[in-house]
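Below is one structure, written out as structure tokens; the observations come after it.
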2 protein chains.
Amino acid sequence: MVTITDIAASLGVTPSTVSRALAGSSRVKESTRLAVEKRAAEMGYERNVVASNLRKGRSNMVGIVVPRIHREFFSNVIGGAESVLNQAGYNVIICQTMESLDAEIKALKALRNYRVAAVFLSHAIECKNGSHVREVLGNDLPLVQFDRVFPDLPGAKIVGANCEGAFTATKHLISQGYKRIGTIAGFMTSQAYVERLAGYRLALESAGMTFDPSIVFEDSIVRETGYEACKKALEAGCDALYSTGAFSALGAMDALKEKGIRVPEDFGIVATSNESFTSLMSPSLSTLGQQPFEMGQAAARAFLEGRTNTEVIPMELHIRQSSNRNK
Amino acid sequence: MVTITDIAASLGVTPSTVSRALAGSSRVKESTRLAVEKRAAEMGYERNVVASNLRKGRSNMVGIVVPRIHREFFSNVIGGAESVLNQAGYNVIICQTMESLDAEIKALKALRNYRVAAVFLSHAIECKNGSHVREVLGNDLPLVQFDRVFPDLPGAKIVGANCEGAFTATKHLISQGYKRIGTIAGFMTSQAYVERLAGYRLALESAGMTFDPSIVFEDSIVRETGYEACKKALEAGCDALYSTGAFSALGAMDALKEKGIRVPEDFGIVATSNESFTSLMSPSLSTLGQQPFEMGQAAARAFLEGRTNTEVIPMELHIRQSSNRNK
DNA sequence: GGCAAATATACAAACGTTTGTACAAAAATC
DNA sequence: GATTTTTGTACAAACGTTTGTATATTTGCC
């Protein structure tokens, strides 16, 4: 492998001059810079980034820590972040925590030891607060949290517009003429689910409808619990559901199909989701989609521009068959 | 940050002794090793991997190059590889090529400059052969290709059992009593699709059925072309299809629904796919699934064990409603 | 106890870059 | 033309490790 010392020797200058020339420093003459660049190209030089990183005490890598890489949501965030970071000359190093706090700490330590330029983080479910992050990362290393964020940690945060999104989704159901709209809610230990429930409530109240806790079905995010929730909703006289999850909505559809209830004629349903299957099933499922790719891009841009504010990424309402009575 | 020099000073030994102690070298006394380890822990020492990598000329990172991170298949491969590599003390650095040859070359160069321990690669569609890889990576850097591989390149290769899988899927349709089985095939420029077609043909012929090119519908991998292919298949008197793609099978389902043809009673269908929606739709779609997570794990193990053979990962036949007449 | 062998540690160079300081040459000022 | 200023390059140290060689210490043996 050819080094700057080789180039320097071949041109009769010093390595420092070559280094500066290649870095575009104003301290080297235009003519020597061109000579260096020419020779470097001829000799097929490429900077040893490891040496460069050691000397600079910082690398051009960004660490991304997620619970599981292969979840549709996270892989899209990573994809979005990578596409922006790559343009800016950064590479991406990935760690998955498998939802374990210990693994998250281990990953953060590894990234710190790699002297990454920044860490993008969506917390493991086991994490109850961000104290471990502060401890490991210190205050110098830029941190961008996304989706699962702790407000007490410094740095940029990228979150979905949960409240606003749920509001829009519920409003949509109201506008379609549904009269008794329940919700399949998630775990109230998670900020995102709390916000969605708030948005749902706000939409009802702003339309003069009463918020009825008896048709709020909490802790339902998988197919089976969605199925159960929907059966209860039917017993309680609901004619629509806003679901905070995609799989729970799928379960709800199972229940509706079983009872022979027509969707969307007799019952409307909107799910919060990024899952691709929602658009493919029949009837296709109306969804309130987070935009993970955009969140990843936003995280990258927040880091590149040195911002530390909280950015809210709007959710997109996809009106499909399951809630569209007009068509 | 505390360095080995700090530890050495605090113990009155030299950095080299500390380094060897922490590396578990037999050249340091048991008692000093313990003392070093104790002090290192006390002082909160963590190895500067950048310096270590520079000195060793090799890092403990593995580069993974894929067309797009957020494709379900690739994100699963990455997830599988990461889970194994992480256990072995490696971290994963990811590059996406967006199917561009130039981006693939750029990514490989970046990884080489990071002095990664190995490169796992699934080629961009633009690549017609592996010559660029050889040029950039040289012969020292271990290469593991997966899914989209070039046989002319050295190193381990992890591929799906395309021929065998298609054989099994087609056999399954035959066993269900379907009499005229067509196939929605992909592009014959891709090795994987060629192999699947071969498997399909083999299954027919081994069952004494004739291979009929007029019911081989090539170049159909999206929903629209799948829809068209299915209509043609129906005109040609088919009562079943083996589809090489999931989305084309979805299109086929559209066509069948439109014509009011019952699945699986009057028509059977099996798709090759890793897409999760296949199990969620109704009727659920029988699939021949590649096992991307396992492929990622296999790639990692091939690297860790220094193997350079070609490993074939079996495909899994998921018999669901779309082809199950017995139930 | 003296010598050789084995063991444990110290020394120093190296990995390839970056960057502060020093110095030389050229240009500008009087 | 001598002095100051600017510009361009050289020198050398540093980043924190690893590792070959040399040296000091201990051990074993007669």
Side-chain angles (χ1 to χ4, degrees), chain A residues 1-37 39-40 43-61 89 109-117 140-141, chain B residues 1-37 39-40 43-61 89 109-117 140-141:
Chain A
M1 292 258 85
V2 27
T3 71
I4 53 169
T5 314
D6 299 334
I7 299 175
S10 116
L11 284 172
V13 297
T14 59
S16 52
T17 302
V18 175
S19 174
R20 279 190 243 264
L22 294 174
S25 159
S26 64
R27 275 174 61 181
V28 357
K29 214 175 0 182
E30 178 74 5
S31 61
T32 51
R33 211 202 70 224
L34 290 171
V36 167
E37 280 171 355
R39 185 58 56 89
M43 299 175 76
Y45 169 77
E46 267 165 62
R47 169 190 281 110
N48 181 328
V49 289
V50 181
S52 174
N53 291 345
L54 172 61
R55 173 61 229 234
K56 295 202 282 198
R58 175 120 311 175
S59 81
N60 57 334
M61 296 189 303
K109 282 187 179 169
L111 293 175
R112 172 162 54 73
N113 288 339
Y114 278 119
R115 302 295 188 273
V116 293
D140 313 326
L141 188 42
Chain B
M1 295 258 82
V2 27
T3 71
I4 54 169
T5 315
D6 299 333
I7 299 176
S10 116
L11 283 173
V13 297
T14 59
S16 53
T17 302
V18 175
S19 173
R20 279 190 245 263
L22 294 174
S25 159
S26 65
R27 276 173 60 180
V28 353
K29 221 183 343 190
E30 178 74 4
S31 60
T32 50
R33 210 202 70 222
L34 291 170
V36 167
E37 280 171 355
R39 184 61 53 90
M43 299 176 76
Y45 169 78
E46 268 166 60
R47 170 190 280 110
N48 181 328
V49 289
V50 181
S52 174
N53 291 346
L54 172 61
R55 175 58 230 233
K56 294 202 283 200
R58 175 121 311 174
S59 81
N60 57 333
M61 296 189 303
K109 283 187 180 171
L111 293 175
R112 172 162 54 74
N113 288 339
Y114 279 120
R115 302 296 189 270
V116 293
D140 314 325
L141 186 42

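We name chains A, B, ... by the order of the sequence lines, and we start the count at 1 in each one. For clarity, every value in this text was computed on a predicted model and none was experimentally measured.
Using a distance-only test at 3.5 Å, with no hydrogens or angles considered, no donor-acceptor pair links the side chain of B:N113 to the main chain of B:A110. Using modelled atom types, no side-chain atom of A:R115 and backbone atom of B:V50 make a donor-acceptor pair closer than 3.5 Å.
Between B:Y114 atom OH and C:dG16 atom P there is a gap of 18 Å when expressed in whole angstrom units. Across the protein-nucleic acid pair, A:I4 atom CD1 and D:dA10 atom C1' stand 13 Å apart, rounded to whole Å. Here D:dC15 presents its P atom at 10 Å from CG of B:D6, a figure rounded to the nearest Å. The distance from atom CZ of A:R115 to atom P of C:dT18 is 17 Å, rounded to the nearest whole Å. Spacing between atom CG of A:L11 and atom C1' of D:dA10 amounts to 15 Å, rounded to whole angstrom units. Between B:N60 atom CG and D:dT17 atom P the separation is 14 Å, expressed in whole Å.
For B:R20 against C:dT9, no side-chain N or O and base N or O form a donor-acceptor pair under 3.5 Å. Judged by distance alone, with hydrogens and angles left aside, B:R27 brings a side-chain donor or acceptor within reach of the base of D:dT21, the pair sitting under 3.5 Å.
In the region residues 45-58 of chain B, proximity to DNA chain C at under 4.0 angstrom, judged on heavy atoms, holds for B:L54, B:R55.
Toward the 5′ end of DNA chain D lies the nearest nucleotide of A:S26, the other residue of the pair A:S26 and B:M1 mapping further downstream. Taking for each of A:V2 and B:V28 the nucleotide of DNA chain C with the nearest heavy atom, the 5'-most of the two is the partner of B:V28.
Counting non-hydrogen atoms under 4.0 angstrom, A:S25 reaches nothing in the nucleic acid. At the heavy-atom level, A:T3 lies under 4.0 Å from the strands shown only through sugar-phosphate atoms.
Nearest heavy-atom pair across A:A21 and A:R33 is O-CG, 3.3 Å. Taking all atoms of both residues into account, the shortest heavy-atom contact from B:Y114 to A:N60 is OH-OD1, 2.9 Å. Looking at every heavy atom in both residues, B:S10 comes nearest to B:M43 through OG-SD, 4.1 Å.
Taking the side chain as every heavy atom from C-beta outward, B:L141 and B:R58 approach each other to under 4.5 Å. Considering only heavy atoms from C-beta on, B:L22 comes within 4.5 Å of B:I4 through its side chain.
Relative to the axis of its first five pairs, the axis of the last five pairs of the helix from C:dG1-D:dC30 to C:dC30-D:dG1 sits at 40°, rounded to 10 degrees.
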Residue pair A:L54, B:N48: steps toward the side-chain contact (heavy atoms from CB on, under 4.5 Å) verdict:
CA-CA 9 Å; A:L54 172 61; B:N48 181 328; 4.3 Å; yes
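Regarding contacts with the backbone of C:dA12, every side-chain N or O of B:S16 stays at 4.0 angstrom or more from both OP1 and OP2. Residue A:S19 places at least one side-chain N or O under 4.0 Å from the OP1 or OP2 atom of C:dT18.
Looking only at atom types and distance, the side chain of A:T14 has a donor-acceptor partner in the side chain of A:T17 under 3.5 Å away.
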